[in-house]
Each structure stands twice: as structure tokens, then as C-alpha cells.
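These notes are about the structure you will find just below.
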Amino acid sequence: MVNTYEITNMIIDDDFDSEEYVTAEFSHNQEDYSITFKKADLEIMNSWVFVDGASLPANLSDTLIESIREDIKKRI
């Protein structure tokens with residue numbers, strides 16, 4: 001699958017006592033998004049789309065989420 005997104009930033013939060021998280025910021029269809037996974041198993045925790053200075057829950061396709069998950073696996 002050809003990537004239809006570009007990861008612009010990735011943050012690995014490893015300062016939490018119980019869980020570590022990976023947040024990827026990316027652009028897709030000229031919109032900016034953020035998606036957070038548990039680092040241990042890359043289970044999705046939340047996803048946001050940024051619109052006019054506000055963050056709203058994002059409705060991302062399973063295909064896109066899986067593609068980003070695989071990309072993150074390669075990077076961490």
C-alpha cells in the first residue's frame with residue numbers, strides 16, 4: 001500500500017509508571033492528525049484531527065491505522 005500520510009513527529013512517552021505510549025502526528029488529505037498507541041502492544045488509545053485550532057475525535061480507517069502502526073513498529 002502506498003502511504004497516503006506523512007508522519008511529521010513521533011513522541012515516545014516513557015515517563016509513566018504503568019504504561020508507555022507512542023504518539024504519532026501525521027498529515028493525511030491536507031489535514032493534521034495525532035494518534036496515540038500503547039507502546040507495549042500498539043493498541044490504539046485515541047486519535048484526533050486538528051481543525052481551526054481545536055482537536056476533535058478522528059474517524060480513521062482501519063487500513064490507515066494499521067499502516068501507521070506498521071510504520072511505528074519500524075521506527076521504535
Side-chain angles (χ1 to χ4, degrees):
M1 177 178 145
V2 174
N3 287 352
T4 59
Y5 65 91
E6 177 187 356
I7 292 179
T8 56
N9 192 25
M10 197 166 88
I11 302 162
I12 300 173
D13 294 323
D14 54 9
D15 294 332
F16 294 102
D17 290 334
S18 58
E19 292 282 352
E20 295 180 348
Y21 297 94
V22 178
T23 300
E25 296 173 356
F26 65 99
S27 297
H28 173 65
N29 292 338
Q30 286 119 27
E31 293 188 299
D32 293 321
Y33 294 85
S34 173
I35 188 168
T36 301
F37 298 94
K38 282 186 184 177
K39 186 178 176 188
D41 59 5
L42 294 181
E43 175 188 341
I44 189 170
M45 299 305 298
N46 59 52
S47 58
W48 303 100
V49 59
F50 301 104
V51 179
D52 296 327
S55 55
L56 304 170
N59 184 15
L60 301 171
S61 72
D62 291 340
T63 304
L64 180 61
I65 291 169
E66 190 56 35
S67 182
I68 293 169
R69 183 180 282 128
E70 290 301 316
D71 204 353
I72 288 172
K73 279 183 192 177
K74 294 174 188 170
R75 294 177 185 222
I76 58 175

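Keep in mind it's a predicted model, so treat the numbers as computed, not measured. The residues of the chain are indexed from 1 along the displayed sequence.
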**Request:** Determine the minimum heavy-atom distance between F37 and I68, stating which atoms define it.
**Result:**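 Smallest heavy-atom distance, with atoms named: CE1-CG2, 4.1 Å.
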
**Asked** If every non-hydrogen atom of D14 is compared with every non-hydrogen atom of E20, which pair is closest and at what distance?
**Response**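 Minimum heavy-atom separation between D14 and E20: CB-OE2, 3.6 Å.
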
Applying side-chain hydrogen bond (donor to acceptor under 3.5 Å, both in side chains), name anything that partners [X], two or more places apart in sequence or on another chain.
{"X": "K73", "value": "E70"}
{"X": "S27", "value": "D32"}
{"X": "S47", "value": "none"}

**Request:** Please list, chain by chain and in numerical order, all residues satisfying side-chain contact (heavy atoms from CB on, under 4.5 Å) with D71, sequence neighbours excluded.
**Result:**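 Listed in chain order: N3, Y5, I7, R75.
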
**Request:** Using side-chain contact (heavy atoms from CB on, under 4.5 Å) as the criterion, list what pairs up with N59, not counting sequence neighbours.
**Result:**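 side-chain contact (heavy atoms from CB on, under 4.5 Å) check on N59 returns nothing, list empty.
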
**Request:** Kindly say whether E25 contributes a backbone atom to a donor-acceptor pair with the side chain of T8 at under 3.5 angstrom?
**Result:**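 Between the backbone of E25 and the side chain of T8 there is a qualifying donor-acceptor contact (under 3.5 Å).
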
**Message:** Run N46 and Y21 through side-chain contact (heavy atoms from CB on, under 4.5 Å) and show every step you take.
**Reply:** CA-CA 11 Å; N46 59 52; Y21 297 94; over 6 Å; no

Which distance, rounded to the nearest 0.5 Å, do you find between the [atom1] of [X] and the [atom2] of [Y]?
{"X": "I65", "Y": "L42", "atom1": "CD1", "atom2": "CG", "value": "12.5 Å"}
{"X": "D13", "Y": "T23", "atom1": "CG", "atom2": "OG1", "value": "5.5 Å"}
{"X": "L60", "Y": "S67", "atom1": "CG", "atom2": "OG", "value": "11.5 Å"}
{"X": "L64", "Y": "H28", "atom1": "CG", "atom2": "NE2", "value": "5.0 Å"}

**Asked** Under a single-linkage definition using a 4.5 Å side-chain heavy-atom cutoff for Ile, Leu, Val, Met, Phe, Trp and Tyr, are V51 and W48 assigned to the same hydrophobic cluster?
**Response**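 Unlinked, V51 and W48 end up in two clusters.
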
**Message:** Using the rule that Ile, Leu, Val, Met, Phe, Trp and Tyr join whenever any side-chain heavy atoms are under 4.5 Å apart, tell me whether I12 and I72 fall into a single cluster.
**Reply:**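 Looking at the clustering, I72 is in the same group as I12.
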
**Prompt:** Between the side chains of E31 and Y33, is a donor N or O closer than 3.5 angstrom to an acceptor N or O?
**Reply:**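 Side-chain D/A pair, E31 to Y33: present.
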
**Request:** Give the intermediate values and the outcome of side-chain contact (heavy atoms from CB on, under 4.5 Å) for residues R69 and I44.
**Result:** CA-CA 9 Å; R69 183 180 282 128; I44 189 170; 4.3 Å; yes

**Request:** Only pairs at least two apart or in different chains count here, so list each salt bridge (Lys or Arg N to Asp or Glu O under 4.0 Å) that has a residue in residues 45-62.
**Result:**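 Residue pairs passing salt bridge (Lys or Arg N to Asp or Glu O under 4.0 Å), neighbours aside: none found.
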
